[in-house]
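Keep in mind it's a predicted model, so treat the numbers as computed, not measured.
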Amino acid sequence: MGEIQEVQLQIKCQESKEVSAKSGSDDPASASTMKGSKRYNRWLRVTLYGFLLISGQSVATLLGELYYDKGGNSKWMATLVQSAGFPVLFIPLIVVKIYLTPPISSTTTSTTTKPSASVSTLALLYISLGVLIAGNGMLYSYGLLYLPVSTYSLLCATQLVFNAIFSFFINSQKFTAFIFNSLILLTMSVVLLSIDPDGSSKSTTIPQGKYVIGFICTLSASAGYSLLLSLTQLSFEKVIKNETIYAVLEMSISTSVVSTCTCLVGLFASGDWRRLKNEINDYGEGGVSYVMTLVWIAVTWQVSSVGILGLVFEASSLFSNVISTLGSPIVPIFSVIFFHDKLDGVKIVAMLLSLWGFVSYIYQHYLDDCKAKETTTVDDQNEEKC
């Protein structure tokens with residue numbers, strides 16, 4: 001038995017030496033430091049992407065409600081601005097390309113370069129995802145039009161349940177007790193708000209039929225959004241295979257271009273563009289405010305998009321959805337301030353449940369990180385024995 005363990009140790013030592021030779025470092029301490037630095041940088045990127053997602057999503061949702069509240073009524077325009085802000089991403093794309101992309105070295109071998117998909121494959125991928133984004137955006141527009149912003153934002157958190165299902169079948173997502181706890185708590189927070197009929201003054205001014213339409217559209221959009229996240233994760237793993245922030249920005253821009261073109265076709269084909277002039281004239285805060293509202297909606301949705309794709313890229317679609325759900329309690333707080341929604345006990349409990357669910361999910365990632373550190377320590381000890 002001891003001989004078998006010794007042979008296994010020798011095999012691991014040989015593999016470790018081969019990896020060290022490829023990386024150009026034979027110092028185990030240096031390799032360990034590099035691994036620790038990579039983990040730190042990864043969590044730094046996750047924090048940045050999470051901030052972009054929560055801030056962009058919250059501001060965009062509130063501005064979308066402002067658009068409808070002040071007299072805006074075009075669903076195609078509300079959908080268009082969700083993707084039309086992609087030109088602002090060319091600035092960070094150029095910066096990343098110039099300053100953060102490592103130079104191609106003559107010593108770089110084909111074994112260190114991951115294969116990239118063909119142009120036709122990427123085009124088909126971006127077109128498919130872009131059309132899905134446009135359709136999903138239209139459903140969200142109907143939901144935001146017919147529902148109070150607080151109810152809408154917390155209904156959107158049902159996407160977590162859909163995402164859990166899609167992640168299990170499409171991305172082979174493993175579930176633990178803490179992840180299940182997180183899903184249950186976040187879902188409960190949504191259910192509490194969905195059964196609160198007096199949570200907003202807006203709910204009393206909307207016909208029951210339109211309220212039901214908004215409810216169904218929001219749930220359908222949540223399912224479509226979850227499918228989109230799972231397909232995006234699968235695309236990064238199986239098609240793009242490029243582990244850089246440049247790939248995140250490139251996908252965000254490409255899918256937004258397709259989505260924008262799709263919305264423009266719908267805007268003109270439906271004849272909705274003919275009513276835009278009257279909509280601008282009748283807007284409660286004036287034409288300038290109308291334009292600026294739409295511009296900032298477009299910008300903040302792009303900020304949110306980068307955060308979403310970044311979290312899918314760095315972690316998983318389910319993790320991205322959990323962070324997105326964390327932003328759900330933020331919107332009702334600001335809706336109370338700006339749109340005079342009611343903040344009753346039900347909403348407070350729902351927000352606390354959302355925070356509890358988020359902490360539960362983050363704790364699972366903390367355990368996974370500790371396990372990864374233990375594995376690294378064991379490997380380093382084996383290298384020292386070599």
Side-chain angles (χ1 to χ4, degrees), residues 46-47 49-50 53-54 57-58 61 136 139-140 143 147-199 214-233 307-308 311-312 314-333 335 343-371:
V46 167
T47 302
Y49 288 135
L53 170 55
I54 293 176
Q57 174 183 268
S58 301
T61 302
N136 218 47
L139 291 174
Y140 275 130
L147 292 178
V149 65
S150 54
T151 303
Y152 163 84
S153 63
L154 286 150
L155 265 180
C156 288
T158 56
Q159 64 200 28
L160 196 62
V161 179
F162 293 114
N163 198 195
I165 298 173
F166 289 129
S167 295
F168 180 78
F169 289 103
I170 297 178
N171 309 121
S172 301
Q173 173 76 46
K174 295 181 180 179
F175 293 99
T176 64
F178 287 108
I179 291 180
F180 271 120
N181 182 58
S182 175
L183 296 176
I184 292 173
L185 290 171
L186 290 166
T187 304
M188 286 175 60
S189 70
V190 176
V191 172
L192 281 175
L193 283 154
S194 65
I195 63 176
D196 181 23
D198 299 322
F215 200 93
I216 294 174
C217 286
T218 304
L219 286 179
S220 302
S222 297
Y225 176 81
S226 301
L227 176 61
L228 176 66
L229 289 182
S230 293
L231 292 176
T232 299
Q233 180 180 343
I308 291 170
L311 289 176
V312 171
E314 292 290 346
S316 67
S317 62
L318 187 58
F319 182 81
S320 177
N321 225 328
V322 168
I323 301 299
S324 177
T325 305
L326 177 65
S328 297
I330 298 176
V331 176
I333 293 175
S335 68
L343 186 62
D344 52 16
V346 173
K347 289 185 180 179
I348 294 174
V349 172
M351 287 187 284
L352 292 176
L353 287 174
S354 295
L355 292 174
W356 185 6
F358 170 74
V359 171
S360 179
Y361 195 93
I362 290 296
Y363 184 69
Q364 179 59 54
H365 272 265
Y366 168 76
L367 295 178
D368 293 340
D369 195 49
C370 290
K371 186 176 180 181

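In this structure, the side chains of C217 and Y140 stay at 4.5 Å or more apart for every pair of heavy atoms. Using a 4.5 Å heavy-atom cutoff, the side chains of I308 and Y225 are in contact. Two residues are said to be in side-chain contact when any heavy atoms from C-beta on lie closer than 4.5 Å; S317 and T232 fail this criterion. In this structure, T218 and L139 have side chains that are not in contact, with every pair of non-hydrogen atoms separated by 4.5 Å or more. Under the 4.5 Å side-chain criterion, counting only non-hydrogen atoms from C-beta, F319 is in contact with V46.
Between N171 and S316, the side chains place no donor N or O within less than 3.5 Å of an acceptor N or O (distance only, hydrogens not considered).
Residues G214 and L147 approach most closely at O-CD1, 3.6 Å, considering heavy atoms. Scanning all heavy atoms of the two residues, the minimum distance from S230 to N163 falls at OG-ND2, 3.2 Å.
Distance OG/S226 to CG/L231: 10.5 Å, rounded to 0.5 Å. Taking CD from E314 and OG from S320, the interatomic distance works out to 11.5 Å, rounded to the nearest 0.5 Å. Atom CD1 in I323 sits 11.0 Å away from atom CD in Q57 (nearest 0.5 Å). Summarising the geometry, atom OH belonging to Y49 is positioned 8.5 Å from atom CG belonging to L311; distances are rounded to the nearest 0.5 Å.
Side-chain atoms of S360 never come within 3.5 Å of backbone atoms of W356 as a donor-acceptor pair (strictly under, hydrogens ignored).
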